[in-house]
Amino acid sequence: MESLMDPKGSIEKLNNTPVQKVNILMVDDHPENLLALEAVLTSPNYNLISAHSGKEALKCMLQHDFAVILLDVQMPGLNGFDTAKLIKAREKTKNIPIIFITAINQEMEHVHQGYSVGAIDYIFKPFQPETLKKKIEQFVKIHQNHQETIIQTDLGHLLELNKVNKRLDRTTLNLHRTEALSKAISETITDTIVTFDNQGSILSVNPAVKSMFGYQVEELMEKHVLKLFPKWEDEVLCDSSLSLALLLQSTLRQSVGKIIEVVACRKDKSCFYADLLIASTIIEDEQIFVCTIRDVTERKQIEEVKRQRFTNLEQIVEERTLELTMSNIKLQKEIDERKRMADHLFHTQERFRKIFESSPCLMAILSQQDLTFMEVNASWTKNTGYSCDELIHQKASSKNLIDDVTETYIDLNKKVSNKKVRFKTKNGEIRSGLLSTELIDIHSEPCILIVLTDMTDRVHLENEMYRLDRLNLIGEMAAGIAHEIRNPMTTVQGFLQLTRNKADNLSTEIIDLMLEELKRANSIITEFLNLAKNKISVKKKRNLNSIIEALSPLIQAEAFRSNKQLKLELGECPDISLDEKEIRQLILNISLNGLDAMTSSGNLTIKTYKDNATVVLQIKDEGQGISPEVLSKLGTPFFTTKETGTGLGLAICYSVAKRHDAKIEIETGDDGTTFSARFQLIPSLTND
């Protein structure tokens, strides 16, 4: 509306819009490479944004508009080619220029692949800074030209709108003038007097003709009098055998001294009822007619109203009777319609109630005035552990909803959409979810609709994928570095053993200590090798119960040393494909961890059973449980809570489980922790 009232101001504002910095995205997993690119491209006209992975780059695409993207090819996780495909697949970002920069993949097939996913250039490191800088300047110039084109288009639209507004102003002015003229005519109605000869040519007219007919006096001079009465002209010409002059003279002679009712026509072609009183006189042997014209439209309207009222008077009683009959019929229909609407409303409310209750999302309705619960659905009670009676009419605590990013409490009076939050259940469990709120009115009462999507399982899955990624990385490292470390260690160990027999060198205690430390380092490397991704498992059909029974004396002896007990609950299990050595190590590592987690007189329970298409191994301790912070890091190589631990025990267990296509599940609480390993009866064909 402001643009319509002041188009010049809008055009000036559009022309004076300051030039904003151009965004350039740099994606590389090495910070030093990003620093080098920033040093080359630093400019007051550029806003350089860095991303250290493909995923981070995609997040930046959602937050900013970029003129050009510098993308590294070789990155962990989502590489440059896959990132470019995702960028080109999005409608808003598919036209952004992408330049690949790489120091590794210089083969022609990689170059072709880069161009195939939408890149416009493929640069090899080391690159010429000035060349890269010039290329970026050209892409930025193309981007700025595109923005200027958009501004010019908007400017053209505003100019056209300015012209339309001017025409609209002129039209409005003409309408005001016409309205004022019509008002003046209606307020100054008087009789019009016209004189004309026997040929019908007007000789004179008084000024009242302007208010009655809209003509100026000069416009009617020497015009035919029938110009004011075109319908009367049609009546005069009904006998076409005579000329217009003779017919007019005959009609006028018959009308002299009489009041004639005619339809008059104004200059604007509008018609009205008029009474004519015609008189005749002779001036200089020429017959002159004088006609007085009176507008009787109002009288005709009153007469028409009276006639209509008289006609309708006889029908009033009948119509009233009919009206009462129809009212009764209408009332019955209204009763039926209200009943139908009530039934429809009931069914509609029932449908929405079912939708609300059966929604998999956690849904609640709060009063906006005091934030008390008005309604909650079944998913809310199921996931939080609270019953409806515990929530309805109770005030909602914002402390139960914590922003996952800012670690602050959520303000329920503010509208949010898909915000990552953590919420606490009745039993104290912290779960993750996406929160959306909407302000609504229910029966004129302001309320807040809360929709909470439980994302806990997804978050756990993402953490598990992250842990497996790290485990794979350690596995790839293990095979590569273990051999190189063991060779110098073997040499050092040999020379130390030779030196031990010479009394003039190091003391026997020092040599024994060094040999013991070398032995410990060698054992750590041996465990480290068990994480190797390419480690080959020798699997044969084995019974899980037999392996446990063979290990039980060793575990029982370790338990006796700390006044603890071992319980076996072995169910019937079919033989499955296992590497006995690796499974023994998995059972032993988890069992020893369970014994360490318990105080004296605790019980360690090893249980097996068949569950559908899986064989389950459960090892349960009676310790104090695992805190959420430690639980999220379990299985990460080199993470340990023990003073002398290596942090490889559980990592090896996860690696063994992966090679056996098995899944490890952990349940923990104040009464202890349960590790469950599920082995497939039929191993997956895609298992590494």
Side-chain angles (χ1 to χ4, degrees), residues 169-239 242-310:
D169 291 341
R170 287 196 298 270
T171 303
T172 304
L173 181 60
N174 292 334
L175 288 175
H176 288 324
R177 289 175 178 174
T178 303
E179 182 180 358
L181 180 60
S182 300
K183 183 177 180 181
I185 292 174
S186 64
E187 292 177 351
T188 58
I189 295 177
T190 58
D191 292 348
T192 298
I193 300 175
V194 181
T195 62
F196 54 91
D197 59 18
N198 57 3
Q199 299 297 319
S201 178
I202 295 175
L203 301 176
S204 66
V205 61
N206 70 335
V209 73
K210 180 178 179 181
S211 59
M212 184 177 292
F213 288 92
Y215 288 106
Q216 297 289 340
V217 174
E218 295 79 7
E219 294 180 274
L220 293 177
M221 298 302 294
E222 299 183 358
K223 297 295 190 298
H224 202 283
V225 69
L226 293 182
K227 180 180 179 68
L228 302 176
F229 315 106
K231 293 187 178 181
W232 193 25
E233 179 181 356
D234 295 338
E235 295 176 1
V236 172
L237 292 176
C238 62
D239 187 357
L242 300 175
S243 65
L244 176 61
L246 294 176
L247 288 173
L248 179 62
Q249 292 175 10
S250 175
T251 302
L252 291 175
R253 290 191 189 98
Q254 296 176 4
S255 303
V256 171
K258 299 179 180 179
I259 296 177
I260 304 173
E261 186 177 282
V262 297
V263 176
C265 185
R266 300 186 182 91
K267 182 180 179 180
D268 59 4
K269 305 301 181 182
S270 63
C271 299
F272 61 94
Y273 290 104
D275 284 349
L276 303 184
L277 180 60
I278 302 176
S280 174
T281 186
I282 302 297
I283 301 176
E284 296 180 355
D285 299 330
E286 184 178 357
Q287 188 176 17
I288 303 298
F289 295 94
V290 179
C291 177
T292 301
I293 306 171
R294 176 170 292 176
D295 188 348
V296 295
T297 302
E298 184 177 356
R299 189 192 73 194
K300 293 290 292 183
Q301 291 174 346
I302 294 174
E303 290 176 354
E304 179 64 23
V305 171
K306 289 181 178 180
R307 186 189 65 79
Q308 186 66 34
R309 287 180 177 177
F310 180 79

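Every value quoted in this text rests on a predicted model; they were computed, and no experiment measured them.
- In this structure, the separation between CD on Glu261 and CZ on Arg294 is 13.5 Å, given to the nearest 0.5 Å.
- Judged by distance alone, the side chain of Thr195 and the main-chain N or O of Ser204 form a donor-acceptor pair under 3.5 Å.
- Separation of atoms NZ (Lys300) and CG (Asp275) is listed at 8.5 Å; rounding is to 0.5 Å.
- Annotation for Asn206 and Val217: closest pair O-CG2, 4.3 Å, computed over non-hydrogen atoms.
- Distance CD1/Ile302 to CZ/Arg309: 10.0 Å, rounded to 0.5 Å.
- The one candidate from Ile293, Asp295, Val205 that meets the side chain to side chain contact (heavy atoms under 4.5 Å, CB included) condition with Phe213 is Ile293.
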Practice problem: Kindly determine whether Phe272 and Met212 satisfy side chain to side chain contact (heavy atoms under 4.5 Å, CB included), including the steps that lead there. | Solution: CA-CA 10 Å; Phe272 61 94; Met212 184 177 292; 3.7 Å; yes
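- Contact between Cys291 and Ile278 at its shortest, heavy atoms only, is SG-CG1, 4.2 Å.
- Contact record, Leu220 with Leu228: CD2-CD2, 4.2 Å, taken as the closest heavy-atom pair.
- Ser201 contributes atom OG, which lies 12.5 Å from atom NZ of Lys227 (distance to the nearest 0.5 angstrom).
- Within 6.0 Å of CD in Glu222 there are 12 or fewer heavy atoms belonging to other residues, nucleotides or ligands.
- What you find for Met221 and Leu203 is that their closest heavy atoms are CE-O, 2.7 Å.
- The two residues Val290 and Ile193 make their nearest non-hydrogen contact at CG1-CG2, 4.0 Å.
- Taking the six-membered ring where the residue is Trp, Phe289 and Phe196 present parallel rings, their angle staying beneath 30° rather than reaching 60°.
- In the displayed structure, Gln287 atom CD is contacted under 6.0 Å by more than 12 heavy atoms of other residues, nucleotides or ligands.
- The distance from atom NZ of Lys267 to atom NZ of Lys210, rounded to the nearest 0.5 Å, is 10.0 Å.
- Considering all non-hydrogen atoms of both residues, Val263 and Cys271 come closest at CG1-CB, 3.6 Å.
- Using a cut-off of 4.0 Å between Lys/Arg side-chain N and Asp/Glu carboxylate O, Arg299 and Glu303 are scored as salt-bridged.
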